Amino acid sequence: MGLELWKGSHRAVMPETSGASLMEKTTAAYFELLRPPNVVTAAADILAGYAAAGRPTPWMLTALMFSGMALYAGGVVLNDFFDRSLDALERPERPIPSGRVPAVHAAVAGAAFFAAGVASAFCVSVVSGVLATAIACCALLYDAWAKHQAILGPIFMGLCRGGNLLLGVSAAPVICGQRWFLALLPITYIVGVTIMSRGEVLGGSRRTAQLASGLIASAFGAIVLLGLTMPFQLWWAAIPLLILIYRVAPNLWRACRAPSPANIRVAVKSGVLSVIVFDAAIAAGFAGPWYGAGVLALLGLAGILARAFAVT
């Protein structure tokens, strides 16, 4: 940062834009740590669950959306905190290893997001608060330990996403108890995406990519089963479901044929962002086409954010 001397004076002054520039860079680093595109997908989970709950009092939706997004934000921030040593070797450009965000600040921010998410959920109901607490615990366990376990890692990640959908359903606690099995859909989908993501840096195997693809396809099939087993308008869910297949299937196919790091990263990125389309299919089936379209609109926001911030 240079100094500028006024003519006729020995008084040195800082350029007016230097402070603003530093603040902008610091703010950008914290946003990068949050992975904003991913946080948007958490809102879609809540909206899908809220549709399955019959869309009760609107204020509950606001509180639950804040809760779900805060819990997700806390999870991704603490993920980078616990990964800081590994990222220093594999992804030194990330905010913590690059020194742009102090590790202790990330730890405090992650804990604060968790606390805010749990508190907001308890404002809705005890059931919502307990679910939010469980999600925070699963996310913390995943970040600190489970992600290094071949089987438990994907399961814990799936539990976080399934719990987030149930958090939306908890707007009507009675229905939450009746439709708890809906959590199995995002759990299956995210387990598949998480298994695929293990090859992002060094590449994977065809068998692993095929297993991940099979799980994701099973989650698609489960949406179809909803229309055959319960009050669910499959014809409205079919449109986002076809969009989902169009977005995800070609990338999965390429990753299965050649599981290189580049192909896997593309498959994982499309899989993560397409959670919104997955949720839109569930939302449209329970609440109709316009509600589903509203959820699907979040994909545009996530896509714009993904151009500026990393997804994986």
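In what follows, residues are counted from 1 in the order of the sequence shown. Please read all numbers here as calculations on a predicted model, not as lab measurements. Values below: all heavy atoms of this structure, side chains included; hydrogens, waters and symmetry mates excluded.
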Phe278 and Arg247, any side-chain heavy atoms less than 4.5 Å apart: no

Less than 4.5 Å apart, side chain to side chain, heavy atoms only: is that true for Met196 and Pro259? no

Could you see if [X] belongs to whatever hydrophobic cluster contains [Y]? Use Ile, Leu, Val, Met, Phe, Trp, Tyr and a side-chain cutoff under 4.5 Å.
{"X": "Ile243", "Y": "Ile304", "answer": "no"}
{"X": "Tyr291", "Y": "Trp59", "answer": "yes"}
{"X": "Leu226", "Y": "Leu242", "answer": "no"}

Identify the two heavy atoms, one from Ala183 and one from Gly162, that lie closest to each other, and give their separation to 0.1 Å. CB-O, 3.6 Å

Just say parallel, tilted or perpendicular for the rings of Tyr30 and His105, cut-offs at 30° and 60°. parallel

According to the interplanar angle, ranging from 0 to 90°, do the rings of Phe309 and Phe31 count as parallel (below 30°), tilted (30 to 60°) or perpendicular (above 60°)? tilted

Do any N or O atoms from the side chain of [X] and from the backbone of [Y] form a donor-acceptor pair under 3.5 angstrom?
{"X": "Ser120", "Y": "Ala116", "answer": "no"}
{"X": "Ser274", "Y": "Gly271", "answer": "no"}
{"X": "Asn263", "Y": "Ala258", "answer": "yes"}
{"X": "Arg84", "Y": "Pro97", "answer": "no"}

Consider side chain to side chain contact (heavy atoms under 4.5 Å, CB included). Of Ile276, Leu273, Val272, which one does Pro37 pass it with? Leu273

So, applying side chain to side chain contact (heavy atoms under 4.5 Å, CB included) with Tyr72, which one of Thr41, Val77, Ile135 is it? Thr41

Would you indicate whether Leu89, at its atom CG, is surrounded by more than 12 heavy atoms from other residues, nucleotides or ligands within a distance under 6.0 Å? yes

Clusters formed by hydrophobic residues whose side-chain heavy atoms approach within less than 4.5 Å: which one holds Trp236, and what are its other members? Trp235

Asp83 with Lys147: basic N within carboxylate O range, under 4.0 Å: yes

For Ile264 and Ser197, what are the C-alpha separation, side-chain angles and deciding distance, and is it a side-chain contact (heavy atoms from CB on, under 4.5 Å)? CA-CA 7 Å; Ile264 289 175; Ser197 71; 5.7 Å; no

Stepwise side-chain hydrogen bond (donor to acceptor under 3.5 Å, both in side chains) test for Ser98 and Arg100: CA-CA 6 Å; Ser98 66; Arg100 290 176 292 142; 2.9 Å; yes

Would you say the side chains of Asn251 and Arg254 form a donor-acceptor pair under 3.5 Å? yes

